[in-house]
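Following: one structure in structure tokens, then a few remarks.
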Protein chains: 2
Amino acid sequence: MAVDPEHVLRAAAALLTRKSTATMDEVAKAAGISRATLHRHFAGRDALVRALEALGIAECEAALDEARLDEGPASDAVRRLVGAIEPAAGLLAFLYTENQLFEGEEQNAGWATIDDRISALFRRGQLGGEFRIDLTPAWLTEALYGLMASGAWMVHSGKGAPKDFQHMIVELLLGGALRREES
Amino acid sequence: MAVDPEHVLRAAAALLTRKSTATMDEVAKAAGISRATLHRHFAGRDALVRALEALGIAECEAALDEARLDEGPASDAVRRLVGAIEPAAGLLAFLYTENQLFEGEEQNAGWATIDDRISALFRRGQLGGEFRIDLTPAWLTEALYGLMASGAWMVHSGKGAPKDFQHMIVELLLGGALRREES
DNA sequence: CCCGAATGAGACATCCATGTCTCATATGGT
DNA sequence: ACCATATGAGACATGGATGTCTCATTCGGG
């Protein structure tokens with residue numbers, strides 16, 4: 001009978017990714033539990049979103065670890081990062097829009113850490129001569145978020161295949177839309 | 001005494017861009033009118049958002065016209081487009097997230113027209129040999145939206161300057177993060 | 001100057017999500 | 001088998017936003 005909070009969070013994430021205004025009642029149904037039980041585990045919608053935020057941060061950190069950002073060419077690290085983060089892209093896209101509601105209030109410090117790690121990767125690429133230096137690491141990081149949200153949205157709306165997620169994002173982020181001279 | 005609906009829409013757009021959950025009361029205050037009057041002009045929050053959607057579409061169309069997408073190199077057209085659309089980026093970013101609430105219901109057909117015009121631009125660039133062909137026009141279009149949302153977010157949060165908006169987006173979208181060999 | 005129309009202020013009812021509570025039931029360990 | 005505990009179902013109160021209404025006031029044109 002014990003409810004698995006992890007499973008509840010996954011179900012909530014899956015639902016809220018699709019319908020960000022879903023009711024606590026809908027979330028409970030999606031998780032296969034009653035609203036009362038949902039409330040026993042997460043005291044209110046706010047707590048639920050915070051828990052989802054913590055989950056998203058944890059998955060991000062895990063993806064960052066898995067991608068081994070310090071190893072090899074920075075562009076390869078970016079490739080690994082996008083690939084590793086893909087399963088969490090939907091959740092992150094939800095949090096990305098939801099976080100803007102929290103503006104003004106205290107932000108979860110976890111995001112700053114993640115921002116820093118990703119920014120450091122781009123900076124490493126710049127220092128190593130791989131990446132151009134006229135685009136700031138902060139912008140490249142923000143752009144990566146935006147492209148992941150767009151990619152998640154495309155997959156979710158059926159306009160793109162999940163298998164193309166990594167390729168679409170990485171190729172555009174690193175290479176851009178212009179044809180390159182043969183190297 | 002006559003209220004200018006256009007001015008009300010502008011104020012609503014400016015407010016909702018910053019706080020997407022603003023109340024009808026807050027919108028009315030922001031527009032300098034009473035809630036009753038706001039209600040007389042826009043029958044409910046839904047109607048207001050629809051009107052904002054129409055405004056956003058109109059501004060997009062205007063930017064598309066102003067950018068003369070058919071003239072000259074496609075990359076220059078993209079540059080002009082981003083520059084022309086910058087003033088509306090905040091509103092578009094709001095609608096971009098708000099539209100997901102309407103999923104399932106009928107979408108405003110105006111977006112499809114805009115998608116088509118932008119996609120056509122990217123396709124033209126591909127056929128002309130300017131743009132790489134392994135990224136679909138649909139994805140490039142979606143990516144442009146995502147980057148504009150990220151750019152608007154960066155400017156809004158103070159992490160980036162408005163004057164860099166066009167440069168950041170265009171350079172990343174067209175050129176990517178990798179250093180190019182000297183051409 | 002006067003009258004009609006639009007506005008502002010506020011009261012009022014309503015709806016919806018939320019949060020809390022109770023009680024019966026089911027589960028799982030001892 | 002028994003008991004403690006967690007769950008499900010639903011009632012209930014609450015708060016916030018919305019939509020509607022009235023009435024006094026103000027503005028602007030004739």
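Both backbone and side-chain heavy atoms feed into the values below; hydrogens, waters and symmetry mates do not. The structure displayed is predicted, hence computed values, not measured ones. Chain letters run A, B, ... following the sequence lines, proteins first, then strands; residues in each count from 1.
Taking atom CG of residue A/Asp46 and atom P of nucleotide C/dG19, one finds them 8 Å apart after rounding to whole Å. Remark: P of D/dG19 and CG of B/Leu48 are 10 Å apart, rounded to the nearest angstrom. If you take NE2 of A/His41 and P of D/dA6, they are 9 Å apart, rounded to a whole angstrom.
Partners of A/Ser119 by side-chain hydrogen bond (donor to acceptor under 3.5 Å, both in side chains), not counting sequence neighbours, listed by chain and number: A/Thr141. Under the side-chain hydrogen bond (donor to acceptor under 3.5 Å, both in side chains) criterion, A/Asp115 pairs with A/Tyr145, not counting sequence neighbours. In this structure B/Ala84 satisfies the side-chain contact (heavy atoms from CB on, under 4.5 Å) test together with B/Ala63, B/Glu66, sequence neighbours excluded. Evaluation of the salt bridge (charged side-chain N to carboxylate O under 4.0 Å, His left out) rule for B/Asp65 yields B/Arg117 as partners, not counting sequence neighbours.
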Summary of protein contacts for nucleotides 9-17 of chain C, nucleotide by nucleotide, where a base hit scores B, a sugar-phosphate-only hit scores S (4.0 Å, heavy atoms): B-B-----S
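Relative to the axis of its first five pairs, the axis of the last five pairs of the helix from C/dC1-D/dG30 to C/dT30-D/dA1 sits at 30°, rounded to 10 degrees.
Within the structure, salt bridge (Lys or Arg N to Asp or Glu O under 4.0 Å) contacts touching residues 4-15 of chain B (residues at least two apart or in different chains) are B/Glu6-B/Arg10, B/Arg10-B/Glu59. For the salt bridge (Lys or Arg N to Asp or Glu O under 4.0 Å) condition, the pairs that include at least one residue of residues 128-138 of chain B, sequence neighbours left out, are A/Glu171-B/Arg132, B/Arg132-B/Asp134. Legend: salt bridge (Lys or Arg N to Asp or Glu O under 4.0 Å) pairs involving residues 135-163 of chain A, not counting sequence neighbours: none detected.
For CD1 of B/Ile133, the number of neighbouring non-hydrogen atoms (other residues, nucleotides, ligands) closer than 6.0 Å is 12 at most.
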